[in-house]
Number of protein chains: 2
Amino acid sequence: MDKCNAKNLLVSKKLKVTKQRQLILERIIGRQGIFTVNSLYTKLEDEIDLVTIYRVISIFEEKGIIREVLSNYEEKRYELACIHNPVHPHFNCSVCNELFCLEAVSDNLIKLLQENISDYLVKDISIQFKGICKKCLENNLT
Amino acid sequence: MDKCNAKNLLVSKKLKVTKQRQLILERIIGRQGIFTVNSLYTKLEDEIDLVTIYRVISIFEEKGIIREVLSNYEEKRYELACIHNPVHPHFNCSVCNELFCLEAVSDNLIKLLQENISDYLVKDISIQFKGICKKCLENNLT
DNA sequence: AAAATATATGCAACTTACTTGCAATTAGAA
DNA sequence: TTCTAATTGCAAGTAAGTTGCATATATTTT
């Protein structure tokens, strides 16, 4: 998967380039997965205040740099929202409780899903599967 | 839409039939839609403590009487999970911020969605559309 | 039908994710 | 380099949801 450049991305979104924003965005781009504010704080707590991370994440979401992932966890979950990471379904394992990213669904299938919905203007679709992941199946933790 | 009987449902799930559980379940069955703990409390606060509602809802979920709806609201959302209310997609309007229930998706389409997912044992699918509902479109609140 | 017992409830206090106010700091413009 | 507006960090605050414990109540046992 290709990667974006943190500083360029900030500039292109007309955001001031601060040390904190760069560090946070570099980490998000570098790790390419689902994250929480606390998962960022764990790695950056020597350099950035927790409140700052909340505020930066909020701004990143507004600017479309990241998107919130639909989930029922207590902590909000996010993922990078650049062209290299198109909207895709997620899988929540009920044994290890992990949330995995899956391959994007074909446009055709998305169209089929939307066909019934005439009363609404659809802008976005979230799909989440629930079940047991391969690792947990193999470990007989069912 | 057919309706269940609150007391029978409690007995069939081997739950003690208390006044509080009956009141809560009757309201859930009677209103047939998405609800939060606080929406129940607003209507029942003279008769039931908030903590009791939290505990009853938690038990109802464990027993499969209700299911949690996947959403990014601060308050958890639930819906009745009986045979009269099969799993179905939801629509979240970004203008009025309401969450609507949609018709269930055909088994065929669900199968197509699952086809790519070989590494996982799928038990459940949540689909949520985001966009603008008819009412808000008509009101030009876009 | 009454007593026993196991479970449910209500209240108070707690936890935790997230937010807000405000003074100090810093990025980018002038 | 100076100025100004935006950002940050700290302290304190919210609000959804949880826990401990004494009291009350549904169901079982006698």
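Numbered from 1 within each chain, the chains take letters A, B, ... in sequence-line order. Just so you know, these numbers come straight off a predicted model, no measurement behind them.
- Within the 4.5 Å cutoff, the side chain of Gln32(B) has no heavy atoms near those of the Glu79(B) side chain.
- Comparing dA6(C), dG9(D), dG28(C) against the side chain of Lys16(B) picks out dA6(C) as the nearest.
- Separating the CG atom of Leu50(B) from the C1' atom of dT18(D) is a distance of 11 Å, rounded to the nearest angstrom.
- Across all strands shown, Gln22(B) has no heavy atoms under 4.0 Å from either base or sugar-phosphate atoms.
- Not a single donor-acceptor contact under 3.5 angstrom links the side-chain atoms of Arg55(B) to the base of dG17(D).
- The nucleotide whose nearest atom lies closest to any side-chain atom of Val51(A) is, among dA11(D), dG28(C), dA26(D), dA11(D).
- Protein atom CG of Asp49(B) is 14 Å distant from nucleotide atom C1' of dC21(D), rounded to whole Å.
- Within 4.0 Å of Val37(A), counting heavy atoms only, lies no atom of the nucleic acid at all.
- When each of Val56(A) and Leu15(B) is assigned the nucleotide of DNA chain D bearing its nearest heavy atom, the one mapping closer to the 5' terminus is Val56(A).
- With DNA chain C read from its 5' end, the first of the two nearest nucleotides for Glu74(B) and Ile48(B) is the one closest to Ile48(B).
- Remark: the backbone N or O of Tyr41(A) is not paired with any side-chain donor or acceptor of Asn38(A) at under 3.5 angstrom.
- Partners of Lys43(B) by salt bridge (Lys or Arg N to Asp or Glu O under 4.0 Å), not counting sequence neighbours: none found.
- Tyr54(A) has its OH atom 15 Å from the P atom of dG9(D), to the nearest Å.
- Between Phe91(A) and Phe129(A), the angle of the ring planes stays under 30°, which puts this pair in the parallel group of the 30/60° scheme.
- In this structure, the CD atom of Glu75(B) is 14 Å from the C1' atom of dA17(C), given to the nearest Å.
- A donor-acceptor pair is defined here as one N or O able to donate and one able to accept, closer than 3.5 Å; such a pair exists between the side chain of Lys13(B) and the backbone of Lys63(B).
- Going from atom CG of Asn72(A) over to atom P of dG17(D) covers 11 Å, rounded to whole Å.
- Taking the side chain of Thr52(A) as heavy atoms from C-beta on, and the options dT19(D), dT9(C), dT8(D), the nearest nucleotide is dT8(D).
- Between Lys76(A) and Thr18(B), the residue whose closest nucleotide on DNA chain C is further toward the 5' end is Thr18(B).
- For the pair Glu45(B) CD and dC11(C) P, the computed distance is 12 Å after rounding to whole Å.
- Contact annotation: Gln20(A) side-chain N/O to dT26(C) OP1/OP2 distance is not under 4.0 Å.
- Taking atom NZ of residue Lys14(A) and atom P of nucleotide dA29(C), one finds them 12 Å apart after rounding to whole Å.
- Atom-to-atom, OH of Tyr73(A) to C1' of dA17(C) comes out at 16 Å; the value is rounded to the nearest Å.
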